[in-house]
> 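The structure that follows is given in the form of structure tokens.
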Amino acid sequence: MIEQPYVYRHTELVEPDWQRLPGWADVSPRDWASAQWQRAHCVKNIRQLRQVVGDGLDERFYADLERDQAERATMSMLVPPQMVNTMVPHLSPAHPGFTDAFYADPVRRYMIPVFTDRREDWPSHPLASRDSLHEAEMWAVEGLTHRYPTKVLAELLPTCPQYCGHCTRMDLVGNPTPVVDKHKFALAREDRLTAMLGYLRNNPGVRDVVVSGGDVANMPWPRLESFVAGLLEIENIRDIRLASKALMGLPQFWLTDEVRAGMERLAKVARERDVSIAIHTHVNTAQSVTPLVAAAAKAMLDTGIRDVRNQGVLLRGTNDKTEQLLDLCFALLDDAKIMPYYFYMCDMIPGSEHWRLSLAEAQKLQHDIMGYLPGFATPRFICDVPYVGKRWVHQVARYDRELGISYWTKNYRTAVESGDELALQREYEYYDPIHLLPEAGQEYWRSRVATPVAVG
Ligand code: SF4
């Protein structure tokens, strides 16, 4: 037997016992399986978290959470019971080590961030920004980002069934927090959706639409189905991807009769028209892949859609170890039939420095997972470079590790560069977290911040 850095073992998926949580001790399997019950019992505030875990968490945790919500959080709290139940899945809150285990839990670390998680020295990178990918600047019509030559992102709605602490669309998605007011769409939803379909009809160069938000699981099903049916009528659209973290966070939604029947209708038309429909979900940890998640993914594949794929986000403390990533990929692949597809580096939004990895760390993780998974299921690690788009982490043109600045090039123009002669010659910058830099690099950033004119 050859010793390897990672040892594969097939692990049976397990639905953690929600009745270990005092607030849900009497919840029946029937209620748990109900999307309506799940939505009605989401944890939205500290009081509700207390009701669920009883006396299981020390007061220091609640104080830490309260301070984060008041001073740092860019997303309000919204965690479906399905996701709460995957935190510390093997421990009852009555266990004396529950608070420490909850602090350390990889799902808790990004869904319920607390003040002491964040960096005190650099909570935010000085060049972090709302809408760090400049999606709104590239809206062809409101909510429709046309960044790449052949594909667009349609932000149908600004809400999700769950709010992730690191959400890259923190500018738009979710409720306002004490530190972030949210952008509001100016147009009514019907007008936006109609304008999006009109734009796509008039732009035959676009063949691929990511239908997103937010999360499409928050769209009333009949409206989502009619929008996708509208896309299927457009001759040039060949790929449709529905973005829903809820396939993991609220699998009960994707298992409802209404949604299954609707997806069957869409898949049938798509097959007749040779169009591919896929669901793209967002799973960051192996413990999130439970039998209900697997059932939802397989139910969707059974409708006849092309694929269910995963786009995770690399987050320190959640999935920054090779073993965690491979465990996740195998959990997705073996029993849930979800294709590992991408792992994004966390974007440069305010308050994200404690989550972000350096480019060098992401490159090493990409290197270290190679060879274990089938090639078709080996995810690519992606840096989403502002004004450039997605680049594999090894496609960097130059990398100054002392200053933590990577330089990237591009091979197409976005709408904002239509008249820019040098767009394809220019190098575009991306930045490592400052706390990881050698002292000389940290000093460089301290002096840049001290001289604001030099920043940005
Ligand atoms: S599900 Fe996606 S859009 Fe919604 S909060 Fe999480 S990362 Fe943001």
Side-chain angles (χ1 to χ4, degrees), residues 13 15 29-30 32-39 80 82 151-154 156-157 160-162 189-190 193 196-197 200-201 207-283 289-311 332-341:
L13 303 183
E15 206 70 51
R30 187 189 166 92
W32 192 263
S34 152
Q36 212 178 355
W37 185 91
Q38 290 277 332
R39 286 191 198 265
Q82 173 73 23
K151 49 188 180 173
V152 295
L153 166 78
L156 296 197
L157 73 175
C160 310
Q162 63 285 306
R189 188 176 72 194
E190 285 313 302
L193 270 50
M196 287 178 185
L197 292 174
L200 295 171
R201 267 184 228 107
R207 62 170 299 289
D208 177 4
V209 183
V210 177
V211 182
S212 183
D215 187 319
V216 295
N218 261 18
M219 194 84 165
W221 177 262
R223 189 62 193 95
L224 179 60
E225 184 175 342
S226 76
F227 182 80
V228 176
L231 291 177
L232 285 167
E233 286 170 8
I234 301 175
E235 196 58 40
N236 41 295
I237 302 304
R238 316 308 305 164
D239 265 298
I240 298 171
R241 315 186 236 168
L242 306 179
S244 179
K245 186 183 178 91
L247 189 85
M248 174 275 281
L250 188 67
Q252 294 84 353
F253 168 80
W254 291 98
L255 284 164
T256 56
D257 291 343
E258 181 186 32
V259 172
R260 289 164 83 146
M263 283 298 280
E264 259 172 39
R265 288 189 290 271
L266 292 171
K268 181 167 180 291
V269 176
R271 273 199 312 277
E272 287 164 3
R273 290 217 45 239
D274 269 341
V275 175
S276 297
I277 296 182
I279 293 178
H280 281 210
T281 193
H282 167 190
V283 189
V289 187
T290 72
L292 269 167
V293 175
K298 287 191 271 193
M300 287 302 103
L301 291 172
D302 287 347
T303 66
I305 63 168
R306 165 82 183 262
D307 212 349
V308 179
R309 308 185 184 110
N310 185 52
Q311 306 184 176
L332 292 167
L333 197 58
D334 282 352
D335 292 316
K337 305 299 166 214
I338 298 174
M339 186 69 74
Y341 170 49

> Rounded at 0.5 Å granularity, tell me how far CE in M219 sits from CG in L156.
5.0 Å
> Just do the side-chain hydrogen bond (donor to acceptor under 3.5 Å, both in side chains) check on T290 and Q82 with the steps written out, would you?
CA-CA 9 Å; T290 72; Q82 173 73 23; 3.2 Å; yes
> Would you confirm whether D307, through its side chain, and A278, through its main-chain N or O, come within 3.5 Å as a donor-acceptor pair?
no
> Do D239 and V209 pass the side-chain contact (heavy atoms from CB on, under 4.5 Å) test, and can you show the C-alpha distance, the side-chain angles, and the key distance before you say yes or no?
CA-CA 6 Å; D239 265 298; V209 183; over 6 Å; no
> Ignoring hydrogens and angles, tell me if any N or O in the side chain of N310 forms a donor-acceptor pair with the backbone of Y341 under 3.5 Å.
no
> Let's go through F227 and M196 carefully: what are the C-alpha distance in whole Å and the side-chain angles of both, what is the deciding distance for side-chain contact (heavy atoms from CB on, under 4.5 Å) to 0.1 Å, and is it a yes or a no?
CA-CA 10 Å; F227 182 80; M196 287 178 185; 4.2 Å; yes
> Is E264 salt-bridged to K268, going by a charged N under 4.0 Å from an acidic O?
no
> Counting only N and O atoms by type, is there a donor-acceptor contact under 3.5 Å from the side chain of T281 to the main-chain atoms of S244?
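Side chain of T281 to backbone of S244: a pair is present.
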> Let me know which of K245, H282, Q162 forms a side chain to side chain donor-acceptor pair (under 3.5 Å) with D215.
Q162
> Keeping the roles fixed (side chain from N218, backbone from C160), state whether a donor-acceptor pair exists under 3.5 Å.
yes
> Would R238 and D274 satisfy salt bridge (Lys or Arg N to Asp or Glu O under 4.0 Å), going step by step from the backbone distance to the final call?
CA-CA 7 Å; R238 316 308 305 164; D274 269 341; 5.2 Å; no
> Any ion pair linking E190 and R223 (charged N to carboxylate O, less than 4.0 Å)?
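Counted as a salt bridge, because a side-chain N and a carboxylate O are separated by less than 4.0 Å.
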> Could you report the tightest heavy-atom contact between A297 and I338, atom names first, then the distance?
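Heavy atoms only, the tightest pair is CB-CG1, 3.6 Å.
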> Distance from M263 atom CE to M300 atom CE, nearest 0.5 Å?
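So the gap between those two atoms works out to 5.5 Å.
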> H280 and Q311: side-chain donor and acceptor closer than 3.5 Å?
yes
> Quick one: pull up CE in M248 and CG in L292 and give me the separation to the nearest 0.5 Å.
13.0 Å
> Does the pair I240 and L232 meet the rule for a side-chain contact (heavy atoms from CB on, under 4.5 Å), with working shown?
CA-CA 9 Å; I240 298 171; L232 285 167; 3.8 Å; yes
> So how far is it from D208 CG to N236 CG, rounded to the nearest 0.5 Å?
11.5 Å
> Say whether, by atom type as modelled, one donor and one acceptor occur between the side chain of Q38 and the main chain of W32 under 3.5 angstrom.
yes
